[in-house]
Amino acid sequence: MSQPRVRFAPSPTGYFHVGGARTALFNWLFAKRLGGVFVLRIEDTDRERSDETWTAGILDSLSWLGITWDEGPYFQSARRGLYDAATDQLFNSGHLYACDCTREAIDARTKGAATPGYDGYCADRGLARGPGSALRFRVPDSGETVVHDIVRGEVVFANELIEDFIVVKSNGDPLFVLANVVDDRDMEISHIIRADEHLPTTPKAILIWQALGGVALPTFAHVPVLVNEKRQKLSKRRDRVAVQDYRALGYLPEAMVNYLALLGWGPGDDREILTVDELIDEFRLEDVNLSPAFFDEKRLAHFNGLYIRALPVAEFVSRLAPFLDGETAPWPDDRLDMAVVEALAPLLQERIATLAEAAAMLEFLFADPFVPEEASVTKVITNDQSASAILLEAATQFAEIDWTPAALRSAVESISDGLGQRLGKTQGPIRVAAMGRSVGLPLFESLEVLGRARTLARLHEALHRI
RNA sequence: GGCCCCAUUGUCUAGCGGCCUAGGACACCACCCUCUCAAGGUGGAAGCACGGGUUCGAAUCCCGUUGGGGCUGCCA
């Protein structure tokens with residue numbers, strides 16, 4: 001195969017969701033392996049619904065995922081001349097006719113009709129083009145249009161069941177099916193890899209393509225859509241699955257890419273963690289599944305945790321930094337101390353599935369004022385008989401020992417032995433008093449970085465409250 | 001309604017006629033490890049939608065049924 005040219009052609013009518021990202025990824029992987037060209041085209045022919053902010057979100061999300069484009073972004077809104085020229089050609093060659101039927105009139109006429117869709121009322125009226133009338137494509141009454149699809153094989157559509165569809169609105173604006181074909185031809189797209197939802201309209205695209213003539217049809221590959229828990233196609237309006245949201249939650253782009261690649265495709269063996277290079281090397285459209293896949297956040301989180309733990313500590317810290325800073329951080333700006341974060345980073349890495357989870361675990365270090373969680377205080381300190389003795393003894397011993405995790409541990413162990421209870425139980429009141437929560441990073445390492453002065457102050461503060 | 005697509009555990013998948021008493025992973029449960037929580041380890045429960053064919057042999061091929069989805073817009 002000579003150098004393939006693929007395109008990703010989103011419409012900027014809503015936030016960019018993971019389904020679009022998956023389609024983009026499949027296109028990109030396919031192009032990369034074969035040394036092809038990945039074209040990015042923004043399909044903003046619908047002036048009512050398109051918006052620049054959505055475009056920015058698409059570009060931003062693709063960049064974040066590392067899905068780079070070789071050409072574009074092209075904007076259909078800037079390519080109107082091409083569509084007009086194609087419209088002229090098709091109209092002059094008789095493939096298009098003007099139609100001034102209203103939706104209501106069509107519905108009234110076709111109620112109970114044998115063949116679905118538009119009834120061809122204007123097909124032979126010879127109406128002139130112009131404002132107020134749309135342009136319809138004259139679909140052959142017989143024969144069939146076959147879609148040759150890498151993923152699905154041959155899909156056959158009977159022409160008589162395809163209505164004379166509109167390609168240009170009555171205000172002159174081209175519709176998706178026309179602009180899409182004109183651009184794919186103009187950009188010399190060789191492989192159209194897109195979501196399954198487009199399969200039913202593909203014969204229309206093929207008909208237009210052939211009517212325009214001169215350029216060989218591209219190869220199609222319709223990949224299964226991504227669905228929600230109710231197994232409905234992911235929707236921008238209904239489902240909260242924006243790529244940017246996952247980014248904001250602290251998912252790593254490499255984890256997202258890995259996970260997305262495995263939705264509808266697999267390497268053929270038991271491997272699940274694959275580098276981008278491995279994906280590029282092994283991805284095959286022929287191996288893409290046929291059935292819709294559910295986007296499972298739990299599984300994504302698992303992948304993310306794996307990727308977070310695999311990060312070198314320094315890299316982890318630098319990736320984490322943005323999530324501890326700024327308005328989302330639960331502490332004043334000037335309190336953050338990255339040296340302290342770095343000291344606890346390895347312990348943190350093992351405990352979070354997303355970067356945004358780190359803040360809650362570090363809050364005891366930077367929060368100002370420090371306020372222990374009420375429910376934990378009640379449960380582990382107020383309602384526990386031995387809590388005051390533990391806190392008092394800890395405060396006494398902590399004032400004198402070496403300030404190291406090992407010394408802290410043996411101090412608490414001695415208190416534990418004296419009480420005849422497990423270390424796990426004894427550390428509870430101390431943890432809540434000093435760290436504010438009953439769960440979190442390991443106690444002794446945490447106290448070490450908290451420092452003796454603050455630890456003692458918090459133990460005494462807790463004692464006062466009892 | 002019509003057309004089209006799809007169908008392996010709750011989920012993502014391996015399987016492309018014998019290697020399958022169906023493999024891996026997420027989630028779930030139990031146990032181990034353990035200063036909490038995680039992480040890690042071990043084990044467990046859980047699936048070829050149904051019915052006909054074809055074949056010596058079917059999760060794998062064919063047909064039908066059922067179920068789910070998509071399209072059916074002067075959206076993309």
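Order of the sequence lines sets the chain letters (A, B, ...), proteins ahead of strands, with each chain counted from 1. From a predicted model like this one, the values you see are computed outputs, not experimental measurements.
In terms of polar N and O atoms assigned as donor or acceptor, the side chain of E445(A) comes within less than 3.5 Å of the base of C35(B) in a complementary pairing. For Q232(A) against G68(B), a side-chain-to-base donor-acceptor contact under 3.5 Å is absent.
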Polar-atom pairs under 3.5 Å, protein N or O versus N or O of nucleotides 6-10 of chain B: list them with distances, or write none.
none

Please produce a list of atom pairs where a protein N or O lies less than 3.5 Å from an N or O of nucleotides 14-16 of chain B.
| from | atom 1 | to | atom 2 | distance (Å) |
| --- | --- | --- | --- | --- |
| A14(B) | OP2 | N289(A) | ND2 | 3.4 |

Enumerate all atom pairs, one protein N or O and one N or O from nucleotides 39-50 of chain B, separated by less than 3.5 Å.
| from | atom 1 | to | atom 2 | distance (Å) |
| --- | --- | --- | --- | --- |
| A39(B) | O4' | E350(A) | O | 3.4 |
| A39(B) | O3' | R309(A) | NH1 | 2.9 |
| G40(B) | OP1 | R309(A) | NH1 | 3.3 |

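Base pairing of A49(B) is made with U65(B), judged by Watson-Crick or G-U wobble geometry with both donor-acceptor distances under 3.5 Å. Under the Watson-Crick and G-U wobble criteria, each requiring two contacts below 3.5 Å, nucleotide C26(B) is paired to G10(B). Base pairing annotation: G1(B) forms a Watson-Crick or G-U wobble pair with U72(B), both donor-acceptor distances under 3.5 Å. Figure legend. C19(B) is base-paired to no nucleotide; pairs are counted as Watson-Crick or G-U wobble with both atom distances under 3.5 Å.
At a threshold of 4.0 angstrom between heavy atoms, the contacts of L135(A) with the nucleic acid are absent. Base engagement by F444(A) is indicated by at least one non-hydrogen atom pair under 4.0 Å involving a base atom. Using a 4.0 Å heavy-atom cutoff across all strands shown, G305(A) reaches no nucleic acid atom at all.
Remark: Q421(A) pairs with S386(A), I390(A), S416(A), L419(A), K425(A), T426(A) by the side chain to side chain contact (heavy atoms under 4.5 Å, CB included) rule, at least two apart or across chains. Legend: residues meeting side chain to side chain contact (heavy atoms under 4.5 Å, CB included) with A433(A), ordered by chain and number and at least two apart, are I381(A), L391(A), L459(A), A462(A). Residues satisfying the side chain to side chain contact (heavy atoms under 4.5 Å, CB included) test with I106(A), not counting sequence neighbours, are C101(A), R103(A), R109(A), T110(A), Y118(A), R136(A). Applying the side chain to side chain donor-acceptor pair (under 3.5 Å) test to D287(A) and every residue at least two apart in sequence or in another chain returns nothing. In terms of the ring pair (Phe, Tyr, Trp, His ring centres under 6.0 Å) criterion, residue partners of F398(A) (sequence neighbours excluded) are, by chain and number, W403(A). With sequence neighbours excluded, the residues satisfying side chain to side chain donor-acceptor pair (under 3.5 Å) with R431(A) are Q427(A). For the side chain to side chain contact (heavy atoms under 4.5 Å, CB included) test, residues two or more places apart in sequence or in another chain that qualify with S410(A) are E413(A).
Spacing of C1' atoms, U8(B) relative to G15(B), comes out at 9 Å, to the nearest Å. Nucleotides C35(B) and A14(B) are separated by 42 Å at their C1' atoms, to the nearest Å. Look at the C1' atom in both C33(B) and G18(B): the space between them is 44 Å, to the nearest Å. Between G70(B) and C31(B), the distance separating the two P atoms is 43 Å to the nearest Å. With both ends at atom C1', the span from C20(B) to G47(B) equals 13 Å, rounded to whole Å. For the P atoms, the distance from C6(B) to G23(B) is 27 Å, rounded to whole Å. Here the separation of C26(B) from C4(B), taken at their P atoms, is 40 Å to the nearest Å. Rounded to the nearest Å, the gap between the C1' atom of C63(B) and that of A7(B) is 16 Å.
In this structure, the side chains of I208(A) and F137(A) come closer than 4.5 Å at one or more pairs of heavy atoms. Contact annotation: the side chain of D196(A) approaches that of H222(A) to within less than 4.5 Å [non-hydrogen atoms, C-beta and beyond].
Rounded to a whole Å, the CG atom of N258(A) is 13 Å from the C1' atom of C26(B). Rounded to whole angstrom, the span from the CD atom of Q427(A) across to the C1' atom of A38(B) amounts to 13 Å.
F26(A) and F283(A) have tilted rings, their planes meeting at an angle from 30° to 60° on a 0 to 90° scale.
Side chain of R138(A) to main chain of Y97(A): no donor-acceptor pair is present (N/O by atom type, distance under 3.5 Å, no hydrogens or angles). For the pair D402(A) (side chain) and T404(A) (backbone), a donor-acceptor distance under 3.5 Å is absent. Remark: side-chain polar atoms of D239(A) are paired, donor with acceptor, to backbone N or O of S235(A) under 3.5 angstrom.
Using a 4.0 Å cut-off, some side-chain N or O of R422(A) falls inside it from OP1 or OP2 of U36(B).
Between K233(A) and E197(A) there is a salt bridge, with a side-chain nitrogen of the basic residue lying less than 4.0 Å from a carboxylate oxygen of the acidic one.
Side chain of R231(A), nearest nucleotide from C35(B), U11(B), C3(B): U11(B).
The environment of E52(A) atom CD is sparse: at most 12 non-hydrogen atoms of other residues, nucleotides or ligands sit within 6.0 angstrom.
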| task | Any chance you could list the contact pattern along nucleotides 71-76 of chain B? Use B for base contacts, S for sugar-phosphate-only contacts and - for none, protein heavy atoms under 4.0 Å, 5' to 3'. | result | S-SBBB

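Screening residues 155-182 of chain A for salt bridge (Lys or Arg N to Asp or Glu O under 4.0 Å), with sequence neighbours left out, gives R47(A)-D173(A), R80(A)-D173(A).
Looking at which nucleotide of RNA chain B each of G424(A) and R299(A) is closest to, the 5′-most match is held by R299(A).
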